[in-house]
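Presented below is the structure to which this report refers.
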Amino acid sequence: MRAVQYRTPGKGPELVTLPDPVPGPGEVLLKVTAAGICHSDLTLMAAEPGSLSFGLPVTLGHEATGVVAALGPGAGGGDGGGEGWPAVGDTVAVYGAWGCGGCRACAAGRENYCPYAPGQGIHPPGLGAAGALADYLLVPHARHLVSLGGLDPVRAAPLTDAALTPYHAIHASRHKLLPGSTAVVIGVGGLGHLAIQILRALTPARIVALDLTGERLALGRHAGAHHTVTADGDARAALDELTGGLGADVVYDLVASPDTTALAAAVTAADGHIALLGIGTGSVPVAFGATRPGVSVTAPYWGTRQDLLDVLALAREGRISTLTENFTLDQAPLAYQRLRDGTILGRAVVVP
Ligand code: NAD
Ligand code: ZN
């Protein structure tokens, strides 16, 4: 099969030919329908050699939908059947935050917080395990699959991360987003344009979106932001004015650079919350006087399995939808280059 791999530090992703995978006991083989291209992959490929928790090469792609092509022995709930278990031909989304499956976090469907996975050599697809930028994806257990229930598989692939990650953060902080509140979204990219729609669907908050260019701010308004602000030196003053000097109740920072985290720290209201979702080098100090009083800060990771079901339900109800630009598998290196250059609006999706 064809696959797009990150093989050599300093070199971009490469299209290679690999043997077709064969599902072992408990495993499910998917024919990949679509795979999203996430900014995290650029961070992974920019990491210092040796700083990754897994070896190279790795097939990229951690946002996937597919069709069940084959079941390994015992993978289908015994004889390939059973309600809720995948059967050959089913169209599914992949829950990518693979955990050990046995611990307290995994039992609660919170495999994104499994403390044992890294130590057991369990990695998400595309982030250590072979990923979805390929003709086939091997999934280690059927519990990682969720039925698409009629959703368009191309626009659904990014829901498994670009929507799931902000959903997880918004769900955890929505008690702060009461009528009259303000939510700020920094970065209207793959995650950001979905974060705005999720805020609209889940909360009555007034939404302010920040980004660098007019085109991205327009996408923010299209996604449902009530106000947009250019992320420049005047952004703090603009946010102060919009909130009457009180600050925003929740800031979702989908960039987390030193600039954006400093802004988040400065514009979050007393008793407010900052969720750092971006994998940048910025941070918000937690100390008396570093922010307004009572501000909490989290750096959440991905989402729970329940969150994924919720996100797919929102999409099925037409309340969120992904803006995609589609690429073929051999165009995947180009898609990464375009993401790096900042010329992808919404999410780039590879359709093998
Ligand atoms: P993206 O490239 O699609 O979007 C990033 C957006 O931020 C772009 O619109 C860009 O113009 C904007 N931006 C850049 N610098 C900015 C600044 N200083 N001020 C305002 N806007 C700015 O990226 P994405 O795929 O949506 O990912 C967003 C971030 O989330 C990345 O850092 C990614 O690694 C991270 N991520 C984290 C998790 C998690 O579990 N925490 C999961 C997925 C992605
Ligand atoms: Zn676990």
Side-chain angles (χ1 to χ4, degrees), residues 35-47 60-63 95-97 110-113 124-127 157-170 172 184-198 208-220 222-223 225 228-236 238-239 251-264 267 274-283 297-304 307-308 311 322-325 335-349:
I37 298 244
C38 179
H39 205 111
S40 299
D41 296 341
L42 296 180
T43 306
L44 183 164
M45 289 187 276
L60 296 163
H62 55 268
E63 294 184 341
Y95 175 73
R110 302 172 69 80
E111 298 201 28
N112 52 322
Y113 295 127
L127 298 167
L159 298 178
T160 63
D161 177 27
L164 177 56
T165 300
Y167 180 88
H168 181 60
I170 291 164
V184 168
V185 174
I186 305 177
V188 189
L191 270 67
H193 86 293
L194 286 157
I196 293 165
Q197 297 175 61
I198 294 165
V208 187
L210 275 76
D211 208 303
L212 300 169
T213 69
E215 192 182 33
R216 281 160 194 279
L217 296 180
L219 175 60
H222 181 74
T228 54
V229 170
T230 306
D232 60 15
D234 298 329
R236 182 179 173 178
L239 287 166
V251 175
Y252 302 95
D253 186 347
L254 313 186
V255 180
S257 67
D259 283 353
T260 63
T261 52
L263 181 68
V267 303
I274 301 171
L276 300 178
L277 302 181
I279 305 181
T281 57
S283 58
V297 184
T298 54
Y301 173 61
W302 221 330
T304 70
D307 292 335
L308 180 57
V311 160
T322 322
L323 175 67
T324 62
E325 183 174 348
Y336 279 113
Q337 187 55 50
R338 292 262 319 275
L339 183 64
R340 190 177 289 114
D341 295 344
T343 64
I344 299 287
L345 261 196
R347 201 55 145 187
V349 176

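Atoms within a ligand are numbered from 1 in the order they appear, just like the ligands themselves. All figures in this text were calculated on a predicted structure; none of them were measured in a lab.
- The ring pair (Phe, Tyr, Trp, His ring centres under 6.0 Å) check on Y167 picks up H171, with sequence neighbours excluded.
- Take R338 and apply the salt bridge (charged side-chain N to carboxylate O under 4.0 Å, His left out) test, not counting sequence neighbours, and it matches E325.
- D211 contributes a side-chain N or O that, together with a main-chain N or O of V188, makes up a donor-acceptor pair within less than 3.5 Å.
- In this structure, I274 CD1 and T261 OG1 are separated by 8.5 Å, a value rounded to the nearest 0.5 Å.
- Ligand 1 lies under 4.0 Å from heavy atoms of C38, H39, S40, D161, T165, I186, G187, V188, G189, G190, L191, D211, L212, R216, A231, L254, V255, T260, L277, G278, I279, P300, Y301, W302, L339, R347.
- Within the 4.5 Å cutoff, the side chain of I186 has no heavy atoms near those of the L254 side chain.
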Identify each donor-acceptor pair in which a side-chain atom of residues 35-46 lies under 3.5 Å from a protein atom, sequence neighbours left out, and give them as a table.
{"from": "D41", "atom 1": "OD1", "to": "H62", "atom 2": "ND1", "distance (Å)": "3.3"}
{"from": "D41", "atom 1": "OD2", "to": "Y336", "atom 2": "OH", "distance (Å)": "2.7"}

